[in-house]
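So the structure is just underneath, and the comments pick up after that.
The residues of the chain are indexed from 1 along the displayed sequence.
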Amino acid sequence: MSSALATDHLSRTFHALSDPTRRAILSRLSSGPASVNELAAPFAMSLPAVSKHLKVLERAQLIKRGREAQWRPCELKAEPLKEADAWIEQVRAMWEARFDRLDAYLQELQGRKPRK
């Protein structure tokens, strides 16, 4: 996967995760598939508004919508979350290394040995 494509995919994932309603929907789906009505129940919003949130999640490939007779279940897809977690871990490791180097430098300036 090219870097630009990965970034675009990550952008869609993080955009989808930026809204508390969408995060709540994903939390609900972590316990299993649910219909749009079931997902909408805890929110004080219309079904079309919930559907807009579901479309954002679907574009980010965080959910999959199925069709079983009259029931259209939504299901969580975890792969984009794993990719986002891997990216966050890389950035965290980079910043920790930078902070460790800064700490060592500051300790050196103060005439102390760096902490390990």
Side-chain angles (χ1 to χ4, degrees):
M1 179 185 298
S2 76
S3 179
L5 184 60
T7 302
D8 186 50
H9 188 76
L10 280 173
S11 295
R12 285 192 305 270
T13 299
F14 285 121
H15 172 264
L17 294 173
S18 70
D19 185 272
T21 301
R22 292 190 288 265
R23 291 192 304 270
I25 289 170
L26 291 175
S27 291
R28 165 50 187 92
L29 291 174
S30 69
S31 64
S35 69
V36 174
N37 286 334
E38 291 170 327
L39 293 171
F43 304 107
M45 64 177 69
S46 66
L47 282 177
V50 172
S51 288
K52 286 182 181 181
H53 284 293
L54 293 175
K55 285 178 186 174
V56 172
L57 292 169
E58 198 169 21
R59 269 194 304 274
Q61 299 178 357
L62 290 165
I63 67 167
K64 177 176 79 171
R65 292 207 224 189
R67 183 175 209 121
E68 297 175 17
Q70 298 299 321
W71 193 52
R72 295 188 51 101
C74 296
E75 188 176 339
L76 179 67
K77 290 176 62 179
E79 190 57 37
L81 294 172
K82 291 176 186 173
E83 292 170 7
D85 182 56
W87 182 84
I88 289 169
E89 179 58 30
Q90 285 178 334
V91 173
R92 185 195 61 75
M94 175 195 64
W95 278 105
E96 280 187 359
R98 287 180 179 184
F99 285 133
D100 288 347
R101 288 193 305 273
L102 177 60
D103 184 49
Y105 177 69
L106 292 173
Q107 294 292 329
E108 182 181 317
L109 286 178
Q110 294 175 351
R112 298 186 219 148
K113 290 187 177 183
R115 290 181 283 161
K116 293 203 179 191

Compare all side-chain heavy atoms of Val50 with those of Met45 and state whether any distance is below 4.5 angstrom. yes
Indicate yes or no for a side-chain donor-acceptor contact from Gln110 to the backbone of Gln107 under 3.5 Å, with no hydrogens or angles considered. no
How far does NE2 of His15 sit from OG1 of Thr13, to the nearest 0.5 angstrom? 11.5 Å
Taking Lys55 first and then Glu58, would you say they form a salt bridge - that is, a charged N and a carboxylate O separated by under 4.0 Å? no
Would you say that Leu62 contacts Val56 through its side chain, given a criterion of any heavy-atom pair below 4.5 Å between the two side chains? no
Over all atoms of both residues, closest heavy-atom pair of Ala60 and Pro80: O-CG, 3.8 Å
Criterion salt bridge (charged side-chain N to carboxylate O under 4.0 Å, His left out) on Arg23 and Asp19, from CA distance to verdict: CA-CA 6 Å; Arg23 291 192 304 270; Asp19 185 272; over 6 Å; no
Euclidean distance, Lys52 NZ relative to Thr21 OG1, rounded to 0.5 Å: 13.0 Å
May I ask you to decide if Pro42's main-chain N or O and Arg28's side chain share a donor-acceptor pair within less than 3.5 Å? no
Validation row: Val91, Trp95 side chains within 4.5 angstrom (heavy atoms): yes
Can you find a pair of side-chain heavy atoms, one from Ile25 and one from His53, that are under 4.5 Å apart? yes
Assess the side chains of His9 and Arg12: does a donor N or O sit below 3.5 Å from an acceptor N or O? yes
Closest non-hydrogen atoms of Leu47 and Ala40, given as atom of the first, atom of the second and distance, are CD2-CB, 3.6 Å
By ring-ring contact (aromatic ring centres under 6.0 Å, His included), Phe14 pairs with (sequence neighbours left out) Trp87
Is it the case that the side chain of Arg22 and the backbone of Ala16 share a donor-acceptor pair, with hydrogens and angles ignored and the cut-off at 3.5 Å? yes
In the structure I gave you, are the side-chain heavy atoms of Leu57 and Leu29 within less than 4.5 Å of one another anywhere? no
